[in-house]
Amino acid sequence: MLIIGSHVSFGKNQLLGCVEETIKYGGNVFMFYTGAPQNTFRSKIDNNLAIEAYKLMNNNNILFDKVICHAPYIINLANNLDPSRYQFSMNFLRSEIDRCISLGVKYLVLHPGSAVKLDREIAIDNIINALNLVLKKEDEIMILLETMAGKGTEIGINLNELKYIIDNINLEEKIGVCIDTCHLNDSGVDLNYFDDYLNNFESLIGLDKLKCVHINDSKNEVGMKKDRHANIGFGTIGFENILKVIYHEKLKNVPKILETPYVDDKPPYKHEIKMIKNKTFNPNLLEDIIKE
Ligand code: FE
Ligand code: FE
Ligand code: ZN
């Protein structure tokens, strides 16, 4: 069974709102931020809304086990030049983990961080140190380090960096990986040869660590280090290459999450999910989204 959904918003109805939005799009899984990704304002988790959400998921075959939370971008575990910012990032990650645990969400995607003015090796050690301080043995969660495009001084732009981080985490069972097709493309992985990448992943890190795939087309050519998502089939990766990732036999139990851009302020996900399920490119996709 295809496990697919999109980024949805955790608004005033919290998890219940996420589920309702997912049903509208025809997904069976979803990803959410517990608040705006750029700021630290977070509303208190409402247990009644969560209970309603669990019921609705049950009745609509939504796979709560595979639901993903995404940590905000303001967390940067890579740079400790300002110790108070570094501490803030650790504290905020800790509170995001606690929110996930209270909701019962098992996976939290995290951008590894940006080195800014530090050497990459030092920045990577900062990430390892921070994760080792934050993670606790009893946490029922897996932090998924996202593969990054290589914009600016981002860390996590190839398998060796991710492997090095994972190998140095004390509670290694609590660390996994989320691959992002746009980021892979922009970091220099040609998705025409996705099998080669996946084989490397398997031998270096192990496919048991791969717990989420972000599905995005890209506005840029391979290796441009930009990170600009495009709608499915409307970028440089192309519909066929994206389908190969989505329907890859080795990834069949891994949730696929769309993070493609809105078109004229309208979410594209219902139309993209339909097109993906049909396995046929819809050249009128953008018009269909706008028309709705
Ligand atoms: Fe991300
Ligand atoms: Fe992503
Ligand atoms: Zn991105």
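Order of listing sets the numbers, starting from 1, for every ligand and every atom in it.
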If you count heavy atoms of other groups shown closer than 6.0 angstrom to CZ of R94, is the number above 12?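 Enclosed: over 12 neighbouring heavy atoms sit under 6.0 Å from CZ of R94.
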Atoms of type N/O/S from protein, distance to the Fe ion (ligand 2) below 2.8 Å: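 Of the protein's nitrogen, oxygen and sulfur atoms, 4 lie under 2.8 Å from the Fe ion (ligand 2).
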Write the atom name of the N, O or S atom in D227 that is nearest the Zn ion (ligand 3).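 Atom name of the closest N, O or S in D227: OD1.
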If you look at H183, which of its N/O/S atoms is nearest to the Zn ion (ligand 3)? NE2
For the Zn ion (ligand 3), does an N/O/S atom of H214 lie at less than 2.8 Å?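 Checking the Zn ion (ligand 3) against H214, no N, O or S atom falls under 2.8 Å.
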Any luck finding a side-chain donor-acceptor pair between H183 and E154 under 3.5 Å? no
Does the Lys NZ or Arg CZ of R99 fall within the cation-pi geometry relative to F92 - under 6.0 Å from the ring centre and within 45° of the axis?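 Yes.
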Applying side chain to side chain contact (heavy atoms under 4.5 Å, CB included), run through V19 and E52 and close with a yes or a no. CA-CA 10 Å; V19 177; E52 287 300 310; over 6 Å; no
What about I242 and F194, same hydrophobic cluster or not, with Ile/Leu/Val/Met/Phe/Trp/Tyr joined at side-chain heavy-atom distances under 4.5 Å? yes
Test salt bridge (Lys or Arg N to Asp or Glu O under 4.0 Å) applied to R42 and E96, step by step: CA-CA 9 Å; R42 294 295 180 268; E96 285 284 276; 3.5 Å; yes
Would you mind listing every ring-ring contact (aromatic ring centres under 6.0 Å, His included) that reaches into residues 128-182, with sequence neighbours excluded? none
